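Numbers for residues simply follow the sequence, beginning at 1. The structure displayed is predicted, hence computed values, not measured ones.
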Amino acid sequence: MSRTTALKVACFGGTLLAALGCGRVIEPGEEEGVQVGLCDPSQEWHLVDEQLDERAGQSLLWFGDGPVVATQFTTQNNWSSVERFDGRGDELFRKDISQRVNLLSKVGDGFLAVGHGDGSPRRTTLEYHTGGSSFEWRVAFETEEDVWPAGVYQVDDALLLIGTQETYSGADKDLVVYGLSDRGEPRFTRVYGDDPPTLGESSDERVVGSYAFENHVVIVSQAWLNGSGGPVKALAINSAGELLWEYSDTFQYARGTSWTVAPTSDGGALITGSPSTGGVGTGPGRLLRLDGKGQRLWVQTLNDPDIEDPEVTASVQLPDGDFFISALGWGPAVRSYRIDPQGNIRSTIVHTEEQLAGAPGFTRVRLMPGGGVLLSSELRELDGGTLNLLRVDNAGQPLWQHRIDRPGTAFIGDLVVGPDGQVVMAGRFAKQDSVDERHVLQLSDACQLEHAAP
C-alpha cells in the first residue's frame with residue numbers, strides 16, 4: 001500500500017469547500033452572495049506524508065495528459081518519490097528513488113528524473129521513463145563533489161546536465177557540465193570557475209538560470225568572492241562541450257539577489273538582478289538584454305517613482321516580444337510591468353494585498369496558452385500560510401484567483417501549465433510537529449470569471 005493518503009476533491013455545483021481553499025466560479029447573472037475573484041479548481045489532491053526535505057521539496061512536469069510530481073523526503077537518507085497522475089487526478093504510478101530527485105525534464109518521447117546524493121560515495125542518477133513506473137534506462141555515476149542539478153537538455157545526440165558543484169566543506173562552488181549520450185553514458189565533464197585566489201578565501205560560481213536554443217545550451221551564473229556578490233556571466237556550449245560564446249561584465253550584483261532569466265525568441269535572454277554595495281542589495285533592479293550570440297543589446301534600470309528600489313522577482317517574454325516582469329519594493333509595494341523590447345515601461349499594474357494573499361511578492365510567472373500570464377505567491381507565516389495563484393490578462397487585469405490557507409509555513413514547490421492551459425501547482429505546509437501537508441492543485445484555463453477580481 002502506498003505511504004500516501006490521498007483525498008481527491010472536486011468542487012462541483014459551486015459548492016464552497018473553505019477548508020481546502022476552493023472558491024466558486026461566478027455564473028452569468030450571479031452576483032449577490034458570491035465570493036468575487038476566487039476560482040474553483042477542477043481537481044485538488046491533498047496528500048499527507050512524512051516530512052519533506054527542507055533543502056528542496058517538489059518538482060513538476062506536464063507529461064501526456066497530466067502531471068508528474070517528484071518529492072523529496074527526510075524519513076530516509078536521499079529518498080524521493082516520483083508520482084504520475086492522469087488528467088482526472090488518478091494516480092498512474094508511484095515509485096521510490098534512492099536519490100534527492102529535484103529535476104524532471106521532458107526528453108524525446110519520455111522524461112528524465114535526475115537525482116543526486118551527497119556523502120560518500122557522491123552520486124548523480126538519471127532515470128528515463130516513457131510513461132510507466134519501469135524505467136527504459138538508468139545511469140548512475142560518481143562525482144568528485146556534491147552536485148546540485150539545475151537543468152538537463154537534449155542537444156543533437158547528447159544530453160547536457162548542468163549544475164553547481166561544491167566541495168564537501170561547502171567552501172567553494174563551481175559550475176559543472178556533464179556531457180552524456182542520449183542514453184546517459186558519460187562522455188565528458190567540464191568545470192567552470194576559479195580556484196580560491198589565496199588561502200582562506202572562497203570563490204564561488206553558481207548557476208542562476210539556463211535554457212536550450214537550437215543546437216546549444218545557454219548557462220547564466222553569478223560569481224561570489226568571500227561570500228559577497230559579484231558579476232554575472234552567460235556562456236553557450238554545444239553538444240561536445242565546446243564554448244560557442246561567453247558574456248561577462250564587471251557590474252556587481254548582490255548576493256542572494258532574486259535572479260530571473262527569461263529566454264527570448266532570438267536565443268538570447270533578459271537577465272535581471274539587484275545591484276550590490278558590499279554584497280548587500282541596494283538600488284532598483286537592473287535589466288540586462290543579451291542577443292542569441294551573447295552580445296549586450298541594452299541595459300536598463302527599473303525606475304518607478306511610486307516604489308523605492310524595486311527588485312524583480314519574476315519575468316517572462318510575451319509572444320509579441322514584450323516582457324512581463326513583477327517586482328517588489330520597500331513599503332512594501334508590489335508592481336508588475338509590461339516592458340517593450342527595448343526595456344521601456346509600457347504599462348504598470350498595481351497589485352493589492354488581496355491579490356498577493358498577504359505575501360511580500362510574486363515568485364513565479366508562467367505564460368498561459370490562452371493569453372496573459374499566471375503569477376504565484378506564498379505567505380510563509382508560522383501560524384498559518386497561503387499558497388496563491390493569480391491569473392491576469394495581457395493588460396495585467398486579474399481574471400481569477402485561487403488560494404489555499406492552511407496551518408503551517410507555506411512553500412510552493414513548482415508550477416507548470418499544460419498545452420491546453422491546465423494549471424498544476426505543487427506546494428506544502430510545514431508544521432512545527434514535523435508533519436507536512438502536500439497539495440497538488442489542477443485548474444483549467446477555462447476557469448474564467450464573469451467579473452474580474454477587485
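Partners of Ser248 by side-chain hydrogen bond (donor to acceptor under 3.5 Å, both in side chains), not counting sequence neighbours: none found.
Using a distance-only test at 3.5 Å, with no hydrogens or angles considered, a donor-acceptor pair links the side chain of Glu378 to the main chain of Ile412. Although no hydrogens or angles enter the test, the distance criterion places a donor-acceptor pair under 3.5 Å between the side chain of Gln72 and the main chain of Val101.
With salt bridges taken as basic N to acidic carboxylate O contacts below 4.0 Å, none links Asp266 and Lys293. Using a 4.0 Å cut-off between a side-chain N of Lys or Arg and a carboxylate O of Asp or Glu, Glu437 and Arg406 qualify as a salt bridge. The pair Lys95-Glu83 does not meet the salt-bridge criterion, since no charged nitrogen lies less than 4.0 angstrom from a carboxylate oxygen. In summary, Glu144 and Arg122 do not engage in a salt bridge, as defined by a charged side-chain N under 4.0 Å from a carboxylate O. At a threshold of 4.0 Å, the pair Arg183-Glu136 does not count as salt-bridged, since none of the basic side-chain nitrogens sits closer than that to a carboxylate oxygen. Ion pairing between Asp204 and Arg255 fails under the 4.0 Å rule for side-chain N and carboxylate O.
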Throw together a table of side-chain donor-acceptor distances under 3.5 angstrom for residues 62-71, partners on residues two or more places apart or in other chains.
residue, atom, partner, partner atom, Å
Trp62, NE1, Gly64, O, 3.0
Thr71, OG1, Arg438, NH1, 2.8

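Under 3.5 Å, the side chains of His351 and Ser336 contain a donor-acceptor pair of N or O atoms.
Contact detail for Arg364 and Ala314: the closest heavy-atom pair is C-CB, 3.9 Å. Of all the heavy atoms in Pro319 and Leu367, the pair that sits closest is CD-CD2, 4.2 Å. Nearest approach of Gln317 to Ser265, heavy atoms of both residues: OE1-N, 2.9 Å.
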Practice task
Given side-chain contact (heavy atoms from CB on, under 4.5 Å), test Leu180 with Leu126 step by step and report yes or no.
Solution key: CA-CA 10 Å; Leu180 312 165; Leu126 289 83; 3.7 Å; yes

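Val312 places none of its side-chain heavy atoms less than 4.5 Å from the side chain of Tyr337. Counting heavy atoms from C-beta outward, Tyr192 and Ile219 have side chains that stay 4.5 Å or more apart. The shortest distance between side-chain heavy atoms of Asn388 and Ile404 does not fall below 4.5 Å.
The structure places CZ of Arg403 at 11.5 Å from CG of Leu390, a figure rounded to the nearest 0.5 Å.
Separation of the Phe411 and Phe429 ring centroids does not fall under the 6.0 Å cut-off. Aromatic ring centroids of Phe251 and Tyr253 lie under 6.0 Å apart.
For the pair Arg190 and Phe188, the cation-pi test (distance below 6.0 Å, angle within 45°) is passed. Geometrically, Arg100 does not engage Trp79 in a cation-pi contact, judged by NZ or CZ lying under 6.0 Å from the ring centre and within 45° of the ring axis.
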